[in-house]
Amino acid sequence: SAVISQKPSRDICQRGTSLTIQCQVDSQVTMMFWYRQQPGQSLTLIATANQGSEATYESGFVIDKFPISRPNLTFSTLTVSNMSPEDSSIYLCSVEVSATSYEQYFGPGTRLTVT
Amino acid sequence: QKEVEQDPGPLSVPEGAIVSLNCTYSNSAFQYFMWYRQYSRKGPELLMYTYSSGNKEDGRFTAQVDKSSKYISLFIRDSQPSDSATYLCAMSAAGAGSYQLTFGKGTKLSVIP
């Protein structure tokens, strides 16, 4: 497994502003992901953070709204841009620690409220 | 029809009971099946991971996969108040891009002392 930390753990932001969420892993991992968990909904994959190249976004998510960085194998950031109340959600990073297993481990999440 | 269906509950049981949590799915390409436990205001914690059909046991937890019925289960024996959490099923297909997990909405479980 892996120990994953996220900053901030929660935030309240005003509409129209941006927030950057950090994800730090205690060991090098090949795959890092960002998810959104909205109340009463399934976890939804936003994008795969690729080290040294642009992130791969899932349908319905775009780089302008959710820019992602991954400068090395232990760290990634997700920015939620030009926020609206609909962006209020829990944002989670996850990692896959083995290339031969599809087990994913999640961070504690960032609870975002947009007013 | 959603890809993964999971009864959201809530499910309330007395301490010591056997708990059965279930998910059904429609995508026959799913081969990797996971159960996560999520405590309130925490991230999901991987509980069980199985490949293809069959059973897997870990302490008080048993994961069961029936691919012919597209049905997976998680059994918790001798349930404890500390088992009170939301349980999420997740699954993935094999092959390129298979890291993408499809989750159920989660079942909220309360174990009453």
Side-chain angles (χ1 to χ4, degrees), chain A residues 1-11 21 23-25 29-50 55-61 78 89-113, chain B residues 1-10 21 23-27 29-52 56 58 61 63 65 72 85-108:
Chain A
S1 64
V3 177
I4 305 165
S5 60
Q6 284 186 234
K7 289 181 182 179
S9 59
R10 59 173 56 207
D11 208 340
I21 303 167
C23 178
Q24 180 74 54
V25 192
V29 295
T30 51
M31 306 290 283
M32 293 183 76
F33 311 96
W34 287 98
Y35 285 81
R36 183 171 71 183
Q37 186 176 31
Q38 295 180 307
Q41 300 299 315
S42 311
L43 269 78
T44 302
L45 180 64
I46 297 171
T48 303
N50 300 309
T56 304
Y57 290 85
E58 298 301 310
S59 176
F61 298 97
L78 168 75
S89 185
I90 299 172
Y91 292 86
L92 296 146
C93 71
S94 76
V95 304
E96 192 176 277
V97 299
S98 167
T100 58
S101 162
Y102 300 112
E103 300 171 50
Q104 287 187 26
Y105 297 87
F106 283 82
T110 296
R111 184 177 295 267
L112 171 63
T113 302
Chain B
Q1 179 188 15
K2 294 190 187 301
E3 270 200 302
V4 179
E5 299 273 8
Q6 184 176 9
D7 187 336
L21 303 166
C23 288
T24 59
Y25 62 94
S26 58
N27 187 348
F30 288 145
Q31 292 196 45
Y32 300 88
F33 303 92
M34 285 142 268
W35 285 96
Y36 287 85
R37 177 175 63 195
Q38 187 172 23
Y39 291 113
S40 180
R41 300 182 180 275
K42 301 288 185 184
E45 171 195 6
L46 182 62
L47 263 184
M48 300 287 283
Y49 171 83
T50 54
Y51 169 69
S52 196
K56 184 175 182 179
D58 184 2
F61 298 90
V65 175
I72 69 171
T86 296
Y87 290 80
L88 306 163
C89 64
M91 43 201 82
S92 178
S98 58
Y99 51 78
Q100 181 166 5
L101 298 182
T102 302
F103 282 85
K105 290 186 178 181
T107 299
K108 187 171 184 179

> With a 4.5 angstrom heavy-atom cut-off, which part of A:Q6 approaches chain B: side chain, backbone, both or neither?
Replying inline: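 Nothing of A:Q6, per the 4.5 Å heavy-atom cut-off to chain B.
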>> Please classify the contact of A:L45 with chain B as side chain, backbone, both or neither, using a heavy-atom distance under 4.5 Å.
In response: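 A:L45 touches chain B through side-chain heavy atoms alone.
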Measure the spacing between [atom1] of [X] and [atom2] of [Y] and express it to the nearest 0.5 Å.
X	Y	atom1	atom2	result
A:Q37	B:T86	CD	OG1	8.5 Å
B:Q100	A:T44	CD	OG1	9.5 Å
B:F103	A:Q41	CZ	CD	14.0 Å
A:R10	B:R41	CZ	CZ	5.0 Å

> Are side-chain heavy atoms of B:K105 and A:S42 found at a separation under 4.5 Å?
Replying inline: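 Side chain of B:K105 against side chain of A:S42, heavy atoms only: contact under 4.5 Å found.
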> Is the closest side-chain heavy-atom distance between A:F33 and B:L101 below 4.5 Å?
Replying inline: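 Contact flag for A:F33/B:L101 side chains = no.
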> Given the options B:T102, B:L46, B:L88, which has more heavy-atom pairs under 4.5 Å with chain A than any of the others?
Replying inline: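 Result: the option with the highest number of such pairs is B:L46.
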>> Please identify, among A:S94, A:P108, A:G109, the residue contributing the most non-hydrogen atom pairs under 4.5 Å to chain B.
In response: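 The option with the most such pairs is A:P108.
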> Considering all heavy atoms of both residues, which atom of B:Y36 and which atom of A:Q104 are nearest to each other, and what is their separation?
Replying inline: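 Heavy-atom minimum between the residues: OH-O, 2.6 Å.
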> At their closest point, which heavy atom of B:P44 faces which heavy atom of A:L92, and how far apart are they?
Replying inline: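 So the minimum-distance heavy-atom pair works out to CD-CD2, 3.9 Å.
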> Where on B:Q38 is there a heavy atom nearer than 4.5 Å to chain A: the side chain, the backbone, both, or neither?
Replying inline: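 The answer is the side chain of B:Q38.
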